[in-house]
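Here is the structure we will look at.
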Amino acid sequence: MKLNFITEELIYHKSPQELTAMMYEKFIQNIDEAVIAIQHSDYFTANEKIKQCNDILYQLGIGLTYQAGIIAEQLDTLYNYMSERLIMANFKKDTFILCEVQQMMKKLSNAWNEVLKATPKVTSSLRKNKLSSYEQHISITVS
């Protein structure tokens with residue numbers, strides 16, 4: 001069974017890279033739901049799902065680190081293109097365009113997940129170090 005919500009606590013325990021992967025997944029799911037809504041002439045739901053996808057693209061764009069170089073610029077361009085296509089798909093209620101955008105996101109998501117698998121987790125060791133420093137501070141102040 002897949003949960004439709006994410007707790008704040010779960011989000012705080014995710015790395016930025018894992019959060020990006022989750023946003024990609026939610027985007028793909030929203031497109032599926034928008035396509036089904038259009039097929040059932042439920043244009044209100046389709047509109048909401050497509051707007052949520054654009055919100056995700058906006059958040060992904062905000063999260064880009066431009067110091068990372070050309071890849072960040074290319075992702076920004078891709079996110080903007082996808083956003084424009086979503087606006088057109090929403091206006092026309094065109095499932096073909098939605099599927100086109102979804103395929104782009106699936107490719108991006110697959111590549112992102114491959115990188116995540118190959119990259120060692122750094123965040124857990126950073127958390128341990130922060131906790132250790134905190135614990136040391138507490139033991140000094142309590143003593």
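On a predicted model such as this, the values are computed, not experimentally measured, just so you know.
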### Query
When rounded to the nearest 0.5 angstrom, what is the spacing between CG in L86 and OH in Y79?
13.0 Å

#### Entry: Test side chain to side chain contact (heavy atoms under 4.5 Å, CB included) applied to F27 and L108, N54, V101, L60, the passing residue
V101

### Query
Taking N47 for the side chain and Y43 for the main chain, is one N or O donor matched with an acceptor at less than 3.5 Å?
no

### Task
Show your reasoning for whether side-chain contact (heavy atoms from CB on, under 4.5 Å) applies to M22 and K26.
CA-CA 6 Å; M22 290 172 63; K26 184 62 178 173; over 6 Å; no

### Query
Between K106 and Y24, does a side-chain contact (heavy atoms from CB on, under 4.5 Å) hold up when you go through it step by step?
CA-CA 8 Å; K106 282 182 179 178; Y24 287 164; over 6 Å; no

### Message
We want to know whether E25 and Q29 form a side-chain donor-acceptor pair, criterion being a heavy-atom distance below 3.5 angstrom.
### Response
no

### Minimum heavy-atom distance between A37 and A46, given as atom pair plus value
CB-N, 3.6 Å

### Query
How long is the span from the OG atom in S83 to the OH atom in Y58, to the nearest 0.5 Å?
11.5 Å

### Summary
Between the CZ atom in R85 and the CZ atom in F96, the distance rounded to the nearest 0.5 Å is 8.0 Å

#### Entry: Derivation and outcome, side-chain contact (heavy atoms from CB on, under 4.5 Å), residues M105 and L57
CA-CA 10 Å; M105 185 58 82; L57 290 172; 3.9 Å; yes

### Task
Would you give the length of the straight line joining atom CG of D55 to atom CG of N30, rounded to the nearest 0.5 angstrom?
9.5 Å

### Task
Using a cut-off of 6.0 Å, state whether more than 12 heavy atoms not belonging to L116 lie near its atom CG.
yes

### Message
Tell me whether T20 contacts the main-chain N or O of P16 through its side chain, where contact means a donor paired with an acceptor under 3.5 Å.
### Response
yes

### Summary
dist M23:CE -> I56:CD1 (nearest 0.5 Å) comes out at 6.0 Å

### Query
Do S15 and Q17 have side-chain N/O donor and acceptor atoms under 3.5 Å apart?
yes

### Query
Is there a donor-acceptor pair under 3.5 Å between the side chain of Q102 and the backbone N or O of I28?
yes

### Query
Heavy-atom count around Y66 OH within 6.0 Å, excluding the residue itself: above 12?
yes

### Task
With sequence neighbours excluded, tell me which residues meet salt bridge (charged side-chain N to carboxylate O under 4.0 Å, His left out) with E48.
K51

### Message
Do I87 and I50 make a side-chain contact, defined as non-hydrogen atoms from C-beta onward lying under 4.5 Å apart?
### Response
no

### Query
Got L98 and I38 here, is their nearest side-chain heavy-atom distance under 4.5 Å?
yes

### Query
In Å, rounded to the nearest 0.5 Å, how long is the span from CG of D76 to CD of E73?
8.5 Å

### Task
Measure across A72 and L64 and return the closest heavy-atom pair with its distance rounded to 0.1 Å.
O-CD1, 3.4 Å

### Task
Say whether V115 and I71 are linked into one hydrophobic cluster, either directly or through other cluster members, by side-chain heavy-atom distances under 4.5 angstrom.
no

### Audit row: K49, T45, side-chain contact (heavy atoms from CB on, under 4.5 Å) steps and yes/no
CA-CA 6 Å; K49 294 299 177 181; T45 299; 4.3 Å; yes

### Task
Mark yes or no for whether K93, through its side chain, and N90, through its backbone, hold a donor-acceptor pair below 3.5 Å.
yes

